[in-house]
**Student:** 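Structure below; questions to follow.
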Amino acid sequence: MMLRILLYAVLQCLLLVGGQVFLKFALMRMSPFGWNKEFWLGLLTNWHFAACGLFFGASSILWMYIVKTFPFSMAYPMVSLSYVFGMFAAMIFFHEEISVIKWIGVACIVVGCTLIAR
């Protein structure tokens with residue numbers, strides 16, 4: 001069971017982070033955020049935003065399967081793996097520098113998820 005939940009959780013987190021990355025790309029290519037017609041029309045015609053929705057949708061469907069199949073006390077903490085993948089995404093796609101302290105935090109998350117999955 002441990003390997004199964006870990007595989008599903010990793011895939012769900014990758015989909016979730018993929019959605020966040022596409023959302024960031026969508027917003028980077030748009031006018032400043034605002035409650036105006038121009039902003040919202042720009043969002044609706046942005047393919048990055050559409051991809052974001054597809055990734056979030058797939059992530060949500062997989063999350064429903066995970067919650068239905070595995071104990072919640074085991075499944076929910078696995079969502080924190082998205083922080084790990086988010087850190088790598090920030091580095092790869094947005095060229096952000098990640099401090100040593102953040103890498104230590106990521107290591108703590110991975111260790112915690114491993115302990116919970118046992």
Side-chain angles (χ1 to χ4, degrees):
M1 177 152 87
M2 181 179 104
L3 185 59
R4 276 185 55 217
I5 191 170
L6 205 50
L7 290 174
Y8 287 130
V10 165
L11 179 57
Q12 191 269 340
C13 289
L14 287 171
L15 289 167
L16 187 61
V17 171
Q20 295 291 356
V21 167
F22 275 113
L23 179 61
K24 175 81 172 171
F25 278 135
L27 294 171
M28 286 170 54
R29 288 161 174 72
M30 295 179 55
S31 60
F33 184 86
W35 297 103
N36 55 51
K37 183 177 163 184
E38 177 190 341
F39 177 80
W40 294 102
L41 286 177
L43 193 64
L44 294 175
T45 59
N46 188 321
W47 76 267
H48 290 97
F49 187 68
C52 159
L54 291 174
F55 273 75
F56 284 153
S59 172
S60 295
I61 291 168
L62 183 54
W63 178 242
M64 289 188 306
Y65 172 78
I66 291 169
V67 170
K68 176 80 174 153
T69 308
F70 299 99
F72 193 71
S73 63
M74 188 183 256
Y76 195 73
M78 294 297 154
V79 175
S80 62
L81 288 173
S82 64
Y83 297 122
V84 176
F85 297 126
M87 194 77 72
F88 283 106
M91 198 173 64
I92 293 166
F93 296 108
F94 306 112
H95 310 290
E96 296 179 14
E97 289 190 33
I98 311 300
S99 68
V100 171
I101 222 61
K102 289 180 183 175
W103 284 120
I104 292 170
V106 163
C108 289
I109 291 170
V110 170
V111 168
C113 286
T114 303
L115 292 174
I116 288 168
R118 292 183 157 236

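Everything numeric in this text was worked out from a predicted model, so none of it was measured.
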**Student:** Tell me whether Tyr65 is reachable from Phe72 by hopping between hydrophobic residues (I, L, V, M, F, W, Y) whose side-chain heavy atoms are closer than 4.5 Å.
**Tutor:**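 Same cluster.
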**Student:** Using atom types as modelled, flag every donor-acceptor pair under 3.5 Å from a side chain in residues 35-43 to any protein atom, sequence neighbours excluded.
**Tutor:**
from	atom 1	to	atom 2	distance (Å)
Asn36	OD1	Glu38	N	3.4
Asn36	OD1	Phe39	N	2.8
Trp40	NE1	Gly34	O	3.2

**Student:** Measure the spacing between CD1 of Ile5 and OG1 of Thr69 and express it to the nearest 0.5 Å.
**Tutor:**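 So the CD1 of Ile5 and the OG1 of Thr69 are separated by 9.0 Å.
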**Student:** Report the hydrophobic cluster partners of Leu54, with the cluster defined as I, L, V, M, F, W, Y residues connected by side-chain heavy atoms closer than 4.5 angstrom, directly or transitively.
**Tutor:**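 Under the 4.5 Å side-chain rule, Leu54 groups with nothing.
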**Student:** From Thr45 OG1 over to Met30 CE, what is the distance, rounded to the nearest 0.5 angstrom?
**Tutor:**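 Going from OG1 on Thr45 over to CE on Met30, the span is 7.5 Å.
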**Student:** Tracing side-chain links under 4.5 Å among I, L, V, M, F, W and Y, which residues wind up in one group with Val111?
**Tutor:**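 Its cluster mates, by chain and number, are Leu115.
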**Student:** Answer with yes or no whether the hydrophobic clustering places Val10 together with Val21; edges join I, L, V, M, F, W, Y residues whose side-chain heavy atoms lie under 4.5 Å apart.
**Tutor:**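 Yes, one cluster joins them.
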**Student:** Count I, L, V, M, F, W, Y as connected when their side-chain heavy atoms are under 4.5 Å apart, and connections chain through other members. Are Trp47 and Phe49 then in the same cluster?
**Tutor:**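 No, Trp47 does not connect to Phe49 through the hydrophobic network.
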**Student:** Using the side chain to side chain donor-acceptor pair (under 3.5 Å) rule, collect all pairs that involve residues 6-32, keeping only residues at least two apart or in two chains.
**Tutor:**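 For residues 6-32: Gln12-Ser59.
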**Student:** Could you go through residues 73-99 and list every donor-acceptor pair under 3.5 Å that involves a side-chain atom there, pairing it with any protein atom two or more places apart or in another chain?
**Tutor:**
from	atom 1	to	atom 2	distance (Å)
Ser80	OG	Pro77	O	2.6
Ser82	OG	Val79	O	2.7
Ser99	OG	Lys102	N	3.4

**Student:** Which residues pass the side chain to side chain contact (heavy atoms under 4.5 Å, CB included) test with Phe55, not counting sequence neighbours?
**Tutor:**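 So Phe55 forms a side chain to side chain contact (heavy atoms under 4.5 Å, CB included) with Leu15, Phe22.
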**Student:** Other members of the hydrophobic cluster containing Phe56, with the 4.5 Å side-chain heavy-atom rule, please.
**Tutor:**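 Leu16, listed by chain and number.
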**Student:** Linking Ile, Leu, Val, Met, Phe, Trp and Tyr through side-chain heavy atoms less than 4.5 Å apart, which residues share a cluster with Ile104?
**Tutor:**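 Answer for Ile104: Val100, Ile101.
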